[in-house]
Amino acid sequence: METPEREALFDHFRGEGWEKEYCNYRQNWVSYPSKQFISDYPLLVDIELSTRCNLRCPMCYTITNEFKKRVKPRLMGFGLFTKIIDEIRGKVPAIRLSLRGEPTIHPKFIACVDYAKRSGIQEVSTLTNGSTLSTEFILKMMQAGIDWLTISVDGLDGTYESIRRPLKFRALLQKLKDIKRIKDKTGAHKPVVKIQSIWPAIKQNPENFYNTLSPYVDLIAFNPLIDYLGKDEEIVYENNFICCQLYQRLVVGANGGAMMCSNDEDGTIIVGDAEKQSIHSIWHGSALNKLRAVHRKKNGFLQIAVCRKCYLPRLTEESETAQINGREFTIKNYVNRNQRIGQ
């Protein structure tokens, strides 16, 4: 969806201030899974600050009764957060402060960013719905040193408001303008801001979506609609898929439970407890190593229920094309995947 020039600039600004380490980080992100190499520490640790969300989006798994039964609403304790950071400082280049809920509703969100950056974590990022991004909050985040914001923006105007209830699109657009204004005024390139949408919300006029938002953000991307509600039955898979996440990142939930990957939304496979164990011991523990061994078998991922429902091994097809400002691009949808929001 983006131009090569804007993609390159986004990547450049992400690595600003740690250029050599960033280059190694991005190379390892690709090479470790391809070689099935288990590094001393993961390249990234996902730290879930909140399982709670302040929205009820129709395509989101967090609104289902099944999720509510399995995952209790909670915030991560600051003591657990600092325990994790104290161990991984100087060893893990990046953390992501989000997973299932809205991280910025955590009362110590700014303190978490500040602690991580002062501890030497090179890249601190988060995914947010943008609801809390007042001018004051934006300034505090920037002062704390946040590097990357991904903001979910599904469509424009009425489409956005029908999905991201009760948020208003014009208010969100003003927040994006405020971030851009503050960055321009201070000469800052960070946080880089990426907009993420689901394709069905913008497919009627992707050019309008792009042109409305691109002046204020660094990158715009979209995903096909994922089967987050677990309704698909006729799933077609890639042949001999091996999950990259098992060699890239470790996911720690708000309760300290380490999940097999960032797509195990229900936390059905817990591979460790960060309250009682070190990140290093979990990363090299028998639970994760057994999962890696299963994945190394031909189509071994099919033996794991969570992996069978995951979108990563699903076969895609180039089923649509679209244009933005004269540039044509291809949309890859999942085979046999309904692209209606809420289905």
- Query: Do the charged groups of R181 and D178 touch, with an N to O distance under 4.0 Å?
  - Reply: yes
- Donor-acceptor pair, side chain of Q174 and main chain of R170, under 3.5 angstrom: no
- Task: Taking the six-membered ring for Trp and the full ring for Phe, Tyr or His, determine whether the centres of F10 and W148 are under 6.0 Å apart.
- Result: yes
- Message: Let me check something: do Y41 and Y247 share a hydrophobic cluster, defined by ILVMFWY side-chain heavy atoms less than 4.5 Å apart, either directly or through other members?
- Response: yes
- Begin with the C-alpha distance, continue with both residues' side-chain angles, and end with the deciding distance and a verdict on side-chain hydrogen bond (donor to acceptor under 3.5 Å, both in side chains) for D266 and T268. CA-CA 5 Å; D266 289 338; T268 52; over 6 Å; no
- Item | Heavy-atom donor-acceptor pair, R314 side chain to V335 backbone, under 3.5 Å | yes
- Task: Fit a plane to each ring of W199 and F222, take the angle between them on a 0 to 90° scale, and name the class: parallel (under 30°), tilted (30 to 60°) or perpendicular (over 60°).
- Result: tilted
- Result of checking R165, R164, K203 against D154 for salt bridge (Lys or Arg N to Asp or Glu O under 4.0 Å): R164
- Task: Please answer whether the main-chain N or O of I279 pairs with a side-chain N or O of E87 as donor and acceptor at a distance below 3.5 Å.
- Result: yes
- Task: Could you tell me whether a side-chain N or O of Q122 sits under 3.5 Å from a main-chain N or O of A94, the two making a donor and an acceptor?
- Result: no
- Query: So, does S98 use its side chain to make a donor-acceptor pair with the main chain of L127 at under 3.5 Å?
  - Reply: yes
- Message: Quick check against the 3.5 Å criterion: does H106 have a side-chain atom that pairs as donor or acceptor with the backbone of M76?
- Response: yes
- Item | Flag for E16-Y22: side-chain donor and acceptor within less than 3.5 Å | no
- Mind running side-chain hydrogen bond (donor to acceptor under 3.5 Å, both in side chains) on Y115 and D86 for me, showing each step along the way? CA-CA 10 Å; Y115 192 86; D86 289 346; 2.6 Å; yes
- Query: Y32, Y25: one ILVMFWY side-chain cluster at the under-4.5 Å cut-off?
  - Reply: yes
- Return yes if some donor-acceptor pair links the side-chain N/O of E48 with the main-chain N/O of A254 below 3.5 Å, else return no. yes
- Closest non-hydrogen atom pair, E275 against K83: O-CE, 3.6 Å
- Is there a donor-acceptor contact under 3.5 Å from the side chain of S50 to the main chain of R52? yes
- In plain terms, say whether K117 and D147 are close enough for a salt bridge, that is, a side-chain N and a carboxylate O under 4.0 Å apart. yes
